[in-house]
Amino acid sequence: MTETPNGGAQALPVPVRPPFPLERLLFALGFAIIAWFVLWILFFVGLIQFAVVAVNGHANDELKRFSLSLVRYVGQLLDFVTFGREERPFPFGPYPRAG
């Protein structure tokens, strides 16, 4: 309570809190699960790339581009989960391109 110039009391405004972002929480949980699966796919692609290097002596360029796009996708997923970005990642937004 504060006093007004004429001596009366005035109630202080109560700050308005935004509602709990339940929809974002559900999307974040879903994207976190997707990120976990994509991370395992990346590990598998890395193993395949090791096998290609063992056989051919050099890395496969297509696998490099594919793994780079997956790494960028995981980054987008984790950015959304940690509130680093507001735009939803793929499949609601564009898929990141490699290079």
Side-chain angles (χ1 to χ4, degrees):
M1 300 287 249
T2 60
E3 288 191 30
T4 59
N6 61 5
Q10 179 182 4
L12 294 174
V14 177
V16 178
R17 243 179 119 191
F20 183 77
L22 181 62
E23 180 180 359
R24 183 175 177 103
L25 173 67
L26 295 175
F27 274 110
L29 289 173
F31 286 136
I33 292 168
I34 292 171
W36 186 80
F37 280 111
V38 172
L39 186 61
W40 282 102
I41 292 169
L42 275 168
F43 291 147
F44 183 69
V45 169
L47 289 174
I48 292 172
Q49 192 72 284
F50 271 111
V52 168
V53 169
V55 171
N56 294 337
H58 57 85
N60 183 299
D61 288 335
E62 289 182 37
L63 277 178
K64 279 185 189 178
R65 282 191 296 276
F66 178 66
S67 62
L68 181 58
S69 69
L70 284 180
V71 167
R72 289 183 179 170
Y73 182 51
V74 168
Q76 284 184 359
L77 292 168
L78 295 179
D79 274 348
F80 183 82
V81 169
T82 60
F83 287 80
R85 65 184 270 157
E86 294 299 318
E87 181 185 352
R88 293 181 190 148
F90 180 81
F92 299 99
Y95 187 78
R97 300 173 90 168

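Computed from a predicted model, the values in this text were never measured in an experiment. One is the number of the first residue; the rest follow in order along the sequence.
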Parallel under 30°, tilted from 30 to 60°, perpendicular over 60°: which one fits the rings of Phe27 and Phe31? parallel

Could you list the donor-acceptor pairs under 3.5 angstrom formed between side-chain atoms of residues 85-94 and any protein atom two or more places apart in sequence or on another chain?
residue, atom, partner, partner atom, Å
Arg85, NE, Glu87, O, 2.9
Arg85, NH2, Glu87, O, 3.4
Glu86, OE1, Arg24, NH1, 3.1
Arg88, NH2, Glu23, OE2, 2.9

Could you tell me which residues satisfy side chain to side chain contact (heavy atoms under 4.5 Å, CB included) with Ala51, sequence neighbours excluded, listed by chain and number? none

Under the ring-ring contact (aromatic ring centres under 6.0 Å, His included) test, residues paired with Phe37 that sit two or more places apart: none

If hydrophobic clusters are built by linking Ile, Leu, Val, Met, Phe, Trp and Tyr wherever their side-chain heavy atoms come under 4.5 Å apart, do Leu42 and Val53 end up in the same one? no

Would you compute the distance between atom OH of Tyr73 and atom CG of Leu78 and round it to the nearest 0.5 angstrom? 10.5 Å

Using the rule that Ile, Leu, Val, Met, Phe, Trp and Tyr join whenever any side-chain heavy atoms are under 4.5 Å apart, tell me whether Ile33 and Trp40 fall into a single cluster. yes

Taking only residues two or more places apart in sequence, or in another chain, which ones meet Val45 in a side chain to side chain contact (heavy atoms under 4.5 Å, CB included)? Ile41, Leu63, Phe66, Ser67

I need the Ile34 CD1 to Leu39 CG distance, nearest 0.5 Å. 13.5 Å

Is it the case that more than 12 heavy atoms not belonging to Tyr95 sit under 6.0 Å from its OH atom? yes

Closest approach of Ala35 to Val74 (non-hydrogen atoms, all atoms of both residues): O-CG2, 4.4 Å

Contacts of type side chain to side chain contact (heavy atoms under 4.5 Å, CB included), residue Leu25, not counting sequence neighbours: Phe20, Leu22, Leu29

Name all residues meeting the salt bridge (Lys or Arg N to Asp or Glu O under 4.0 Å) criterion together with Glu62; count only those two or more places apart in sequence or in a different chain, and write none if there are none. none

Common cluster, Phe83/Leu77, ILVMFWY with side-chain heavy-atom separation under 4.5 Å: no

Are Val38 and Phe44 linked, directly or through other ILVMFWY residues, by side chains that come within less than 4.5 angstrom of each other? yes

Is Trp36 linked to Phe43 within one hydrophobic cluster, defined over Ile, Leu, Val, Met, Phe, Trp and Tyr using a side-chain heavy-atom separation of less than 4.5 Å? yes

